[in-house]
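Every value quoted in this text rests on a predicted model; they were computed, and no experiment measured them.
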Amino acid sequence: CSPSELSDMIHLAGDRGMECMVAGSLRLCELATAAGCGAKIVGIRSAVCAENSRVQAIDPVKLHAAINDWTCATDNHRHAQTQAGSFVRP
């Protein structure tokens, strides 16, 4: 789905008191988009495995990069919401 549709779905879940997890063949380059749409949780598997294959072992370098990317993306999203005067849920 598009970032706009994803954002709408995440906000609809939030309006109903639910959290929304984003998963499904996510690439590391898509973590910032998920965070920008308001996702609080993402599920990644192949993106952090050797050869981008879920049957391979987890690559510690890719895992570390994913954690850093997600942390930066969610920090940037929270900062942007705060600057805009939006309420940010912890």
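Between Leu6 and Met9 there is a side-chain heavy-atom pair separated by less than 4.5 Å.
Residue Asp15 holds its CG atom at 12.0 Å from CD1 of Ile10, rounded to the nearest 0.5 Å. In this structure, the separation between CD1 on Ile44 and CZ on Arg27 is 13.0 Å, given to the nearest 0.5 Å.
Within 6.0 Å of the CG atom in Leu12, the count of heavy atoms belonging to other residues, nucleotides or ligands exceeds 12.
Within the 3.5 Å criterion, the main-chain N or O of Pro3 finds no donor-acceptor partner in the side chain of Ser7.
When the side chains of ILVMFWY residues are joined at heavy-atom separations under 4.5 Å, either directly or via intervening members, Trp70 and Met21 end up in two distinct hydrophobic clusters. Ile41 and Ile67 are assigned to two separate hydrophobic clusters, defined by single-linkage of ILVMFWY side chains at heavy-atom distances under 4.5 Å.
Residue Val42 comes nearest to Ala34 through the heavy atom pair CG1-CB, 3.9 Å, listed as atom of the first residue, atom of the second, then distance. Between Ala66 and Leu31, the shortest heavy-atom distance links the atoms O-CD1, 3.7 Å.
Annotation: side chain to side chain donor-acceptor pair (under 3.5 Å) contacts involving residues 51-65, sequence neighbours excluded, comprise Asn52-Lys62, His64-Asn68.
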